[in-house]
Amino acid sequence: MPDDFAFPKQVMAACEDSRDAWDFLRHFAARWAVPLDERSGCGDEELAAAERRLGLSLPPAMREGYALLGKRDDLTSSQDTLLGPERLHLDETGRALVFRVENQSVVRWAIAVDDLQMADPPVIFQSDVPCSAPEPWRPFLGRFSLAWIEMVLTEYLLGDHGHYDNRESDTEALETLEHHYTRLAIPDYPMWADPQGPPIRWFWGPDVLIRDDGRAWLWAAARTPQALQAVRRAVPGDWLMGPT
């Protein structure tokens, strides 16, 4: 396997087709974490039991995602929580199937019940911050398999994988980021903390992932300490974790 396994090209393909999305996640786990195996996913009976309990059929992409890595907490639940099949539930209105919850339970990700007949339906999200009452469900990403990619990259980025850092952003840092790193093909999508503000964007460099949160904050995760140091040199500023 090449050192970078053509990362940006594979992300581009994964954003267009669910089969490529699952292939990308297999490659990502093998290269950046621990390879997926038969213990990584949920079994057919677990998923069938969830369908019987809920009285509905799960979309093919949801079944495929859970079967691939539904039990890999390191890639699905380092920060927020992917609900296991036994915890999937409908929201209070019965109109959204909730599958992921933010770590302080202020955000939920779901599929609209009306979209469950689609093979790879869009994902929606709902936040009760800053209001005490939940906001309306909002669009998140246009395909479930794409949201699965976003979930895995986010959980890796925010998990304790050894080589990571973060810092407040500024105009100079953003200009440097856009000049020195490759923008990944993941579409812009909203920050749940500020849905009306600038979107989240992803960038890649050799052995490093960088996430731009609404032009306000940068997160970096690297496969090696050398790759992380290269980010700090390329985008100088007050990185909070300091040298490793």
Side-chain angles (χ1 to χ4, degrees), residues 1 3-36 40-41 61-62 64-66 68-82 99-103 107 109 120 122-123 125 140-167 169 177-178 181-193 198-214 217-224 227-228 231:
M1 182 185 300
D3 283 351
D4 61 2
F5 70 88
F7 198 104
K9 290 183 178 179
Q10 287 213 10
V11 170
M12 183 179 297
C15 289
E16 298 296 329
D17 184 86
S18 61
R19 290 171 297 181
D20 289 322
W22 311 139
D23 285 344
F24 169 77
L25 292 177
R26 290 186 187 95
H27 287 305
F28 182 81
R31 176 77 178 152
W32 288 66
V34 176
L36 302 179
S40 299
M62 182 177 243
E64 291 162 1
Y66 272 95
L68 182 67
L69 47 72
K71 294 184 182 297
R72 281 290 299 270
D73 287 355
D74 61 319
L75 297 177
T76 65
S77 302
S78 292
Q79 173 75 10
D80 304 322
T81 301
L82 173 68
F99 68 88
R100 187 181 176 206
V101 179
E102 191 267 342
N103 67 1
V107 185
W109 290 266
D120 196 0
V123 168
F125 78 104
F140 184 64
L141 283 165
R143 290 172 41 245
F144 182 85
S145 58
L146 179 54
W148 219 247
I149 292 171
E150 189 280 336
M151 174 184 67
V152 169
L153 295 186
T154 291
E155 296 303 320
Y156 182 89
L157 185 80
L158 301 182
D160 185 4
H161 295 284
H163 312 299
Y164 60 96
D165 210 337
N166 64 100
R167 55 159 288 185
S169 192
L177 178 68
E178 293 165 356
Y181 293 90
T182 300
R183 173 79 187 275
L184 292 177
I186 298 171
D188 290 351
Y189 61 96
M191 281 186 60
W192 60 259
I200 291 177
R201 304 182 299 165
W202 287 86
F203 293 82
W204 172 89
D207 285 337
V208 66
L209 281 168
I210 303 174
R211 195 178 83 175
D212 163 32
D213 281 6
W217 206 266
L218 298 179
W219 301 85
R223 291 187 58 249
T224 67
L228 185 59
V231 174

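Nothing here was measured: the structure is a model prediction, and the numbers come from that model. Positions are given from 1 along the sequence.
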Glu155 (side chain) donor-acceptor with Gln79 (main chain) under 3.5 angstrom: yes
Full working for side chain to side chain donor-acceptor pair (under 3.5 Å) between Tyr189 and Trp202: CA-CA 10 Å; Tyr189 61 96; Trp202 287 86; 2.9 Å; yes
Separation of Arg143 CZ from Glu16 CD (nearest 0.5 Å): 7.0 Å
Short side-chain to backbone donor-acceptor contact, Asp120 and Phe144, under 3.5 Å: yes
Approximate separation, where rounding is to 0.5 Å, of Asp207 CG and His163 NE2: 10.0 Å
Shortest non-hydrogen separation from Ala185 to Met12 and the atoms involved: CB-CA, 3.7 Å
Side chain proximity check, Ile149 to Phe28, heavy atoms < 4.5 angstrom: no
N/O donor-acceptor pair under 3.5 Å between Thr81 side chain and Ser77 backbone: no
Aromatic ring pairing Trp219/Trp217, orientation class (parallel under 30°, perpendicular over 60°, tilted between): tilted
Stepwise side-chain contact (heavy atoms from CB on, under 4.5 Å) check, Phe99 with Leu82: CA-CA 6 Å; Phe99 68 88; Leu82 173 68; 4.0 Å; yes
Minimum heavy-atom distance Tyr164-Leu228, with the two atoms named: N-CD2, 3.5 Å
Spacing of CD1 belonging to Ile210 relative to CG belonging to Asn166, to within rounding of 0.5 Å: 12.0 Å
Full working for side-chain contact (heavy atoms from CB on, under 4.5 Å) between Cys15 and Ile186: CA-CA 6 Å; Cys15 289; Ile186 298 171; 4.1 Å; yes
Expected output: side-chain Arg223 to main-chain Arg31 donor-acceptor under 3.5 Å: yes
Any side-chain heavy-atom pair of Tyr156 and Ser78 under 4.5 Å: no
Taking every non-hydrogen atom, the tightest pair across Ser40 and Leu68: CB-O, 3.5 Å
Within-4.5 Å side-chain heavy-atom neighbours: Asp165 and Val231: no
Under the ring pair (Phe, Tyr, Trp, His ring centres under 6.0 Å) test, residues paired with Tyr66 that sit two or more places apart: Trp148
Flag side-chain contact, heavy atom, 4.5 Å: Asp23 against Gln10: no
Distance-minimising heavy-atom pair for Asp20 and Ala13: CB-O, 3.5 Å
Side-chain (Asp80) to main-chain (Val101) donor-acceptor, under 3.5 angstrom: no
For the student: nearest non-hydrogen atoms of Glu64 and Ser18, plus distance: OE1-OG, 4.2 Å
Heavy-atom closest contact (Pro198 atom, Met191 atom, distance): O-CG, 4.4 Å
Worked verdict on Arg211 versus Asp213 for side-chain contact (heavy atoms from CB on, under 4.5 Å): CA-CA 6 Å; Arg211 195 178 83 175; Asp213 281 6; 2.6 Å; yes
Pair Asp188 + Arg183: basic N to acidic O under 4.0 Å: yes
Reference residue Met151; test side-chain contact (heavy atoms from CB on, under 4.5 Å); the match among Thr76, Leu25, Leu141: Thr76
Side-chain touch Arg100/Phe125, heavy atoms, less than 4.5 angstrom: no
Test item: side-chain donor near acceptor, Glu102 and Trp192, under 3.5 Å: no
Step-by-step side-chain contact (heavy atoms from CB on, under 4.5 Å) determination, Val11 to Phe24: CA-CA 7 Å; Val11 170; Phe24 169 77; 3.5 Å; yes
